[in-house]
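In what follows, every chain begins at residue 1, and chains take the letters A, B, ... in the order their sequences are listed.
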Protein chains: 2
Amino acid sequence: MDEVFKALADGSRRSLLDRLHARNGQTLNELCEGLAMSRQAVTKHLVILEEANLVTTIRHGREKLHYLNPVPIHQIGERWIRKFERGKLAALGELKRQLEKRDE
Amino acid sequence: MDEVFKALADGSRRSLLDRLHARNGQTLNELCEGLAMSRQAVTKHLVILEEANLVTTIRHGREKLHYLNPVPIHQIGERWIRKFERGKLAALGELKRQLEKRDE
DNA sequence: TTGACATGCAACCATTTGGTTGCCTATTGT
DNA sequence: ACAATAGGCAACCAAATGGTTGCATGTCAA
């Protein structure tokens, strides 16, 4: 879980996930196109995404195809964000009350 | 949005949010209790959470009360995770197909 | 078979991050 | 009034991070 959060913390990595979401199964070079970053930098980001299990790769000859794995993202939603949804209204109400009390 | 992802990337910060979720409106010292970290380290984390708007503080005399703001977390769920939920099954199916093709 | 293409590896670098310590300031209870 | 309490500020530090460059390797196509 921690690896996933860490992987998602970087904007470049999130945009790589966006790219794969738009078109799955891209090669490294395809993913580099139009990015203001060296190929090696992209490689490093992809390795981090792989280690977080957000991306799975398949070698096909000299090419490496990258596939989005949506499961960890889904788990963040289910296991983490959901927890804070419960009690969200209570927390918001309390926050509002305290902020109003402050102005007295 | 980026600030929120960055803030959530650290496990200590996520556990501070957990603590506030369990009991809202805690002081700095209360939030420090039982943590293997100096008070100043906790302060730094709380500042980052405040800057990401995940925590709102209210001074009350010499005490500073910390309140959880669940809105940014909710937004991550709505604006970001949701996007990947759409097409999740398609992505999973494609991933499965490619992984099977590999073994041929 | 050999040159071009796709990717991998390693060393290096600056900046950010997460933490510490020491001291200062403000508020409160007795 | 004053000691204890709650928190703030600043300097410092090691390690992690995000990036670079140069070169090596593996695969394909002419």
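- One axis for each end of the helix from C:dT1-D:dA30 to C:dT30-D:dA1, each built from five base pairs, and the angle between them comes to 20° at 10° resolution.
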Distance-only donor-acceptor pairs under 3.5 Å for side chains of residues 80-91 of chain B, two or more places apart:
residue	atom	partner	partner atom	Å
B:K83	NZ	A:D18	OD1	3.0

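- Think of A:I48 as one node in a network of Ile, Leu, Val, Met, Phe, Trp and Tyr side chains linked at under 4.5 Å; it has no links at all.
- Scanning for salt bridge (Lys or Arg N to Asp or Glu O under 4.0 Å) contacts around A:K44 gives an empty result, with sequence neighbours left out.
- Under a 4.5 Å side-chain heavy-atom cut-off, the cluster of Ile, Leu, Val, Met, Phe, Trp and Tyr residues that includes B:V47 has no other member.
- Legend: salt bridge (charged side-chain N to carboxylate O under 4.0 Å, His left out) pairs involving residues 47-58 of chain A, not counting sequence neighbours, sorted by first then second residue: A:E50-A:K64.
- Of the residues in residues 48-55 of chain B, not one comes within less than 4.0 Å of DNA chain D through any heavy atom.
- The list of salt bridge (charged side-chain N to carboxylate O under 4.0 Å, His left out) pairs with a residue in residues 19-30 of chain B, not counting sequence neighbours, reads B:R23-B:E30.
- A heavy atom closer than 4.0 Å to some atom of DNA chain D occurs in no member of residues 10-21 of chain B.
- Residues forming a salt bridge (Lys or Arg N to Asp or Glu O under 4.0 Å) with A:R13 (at least two apart in sequence, or on another chain): none.
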Could you tabulate the donor-acceptor pairs under 3.5 Å formed by side-chain atoms of residues 32-43 of chain B, not counting sequence neighbours?
residue	atom	partner	partner atom	Å
B:S38	OG	B:A41	N	3.2
B:T43	OG1	B:R39	O	3.1

Q.
Base contacts versus sugar-phosphate-only contacts with protein, heavy atoms under 4.0 Å: please encode nucleotides 3-13 of chain D as B, S and - from 5' to 3'.
A. -BBSBBB-B--
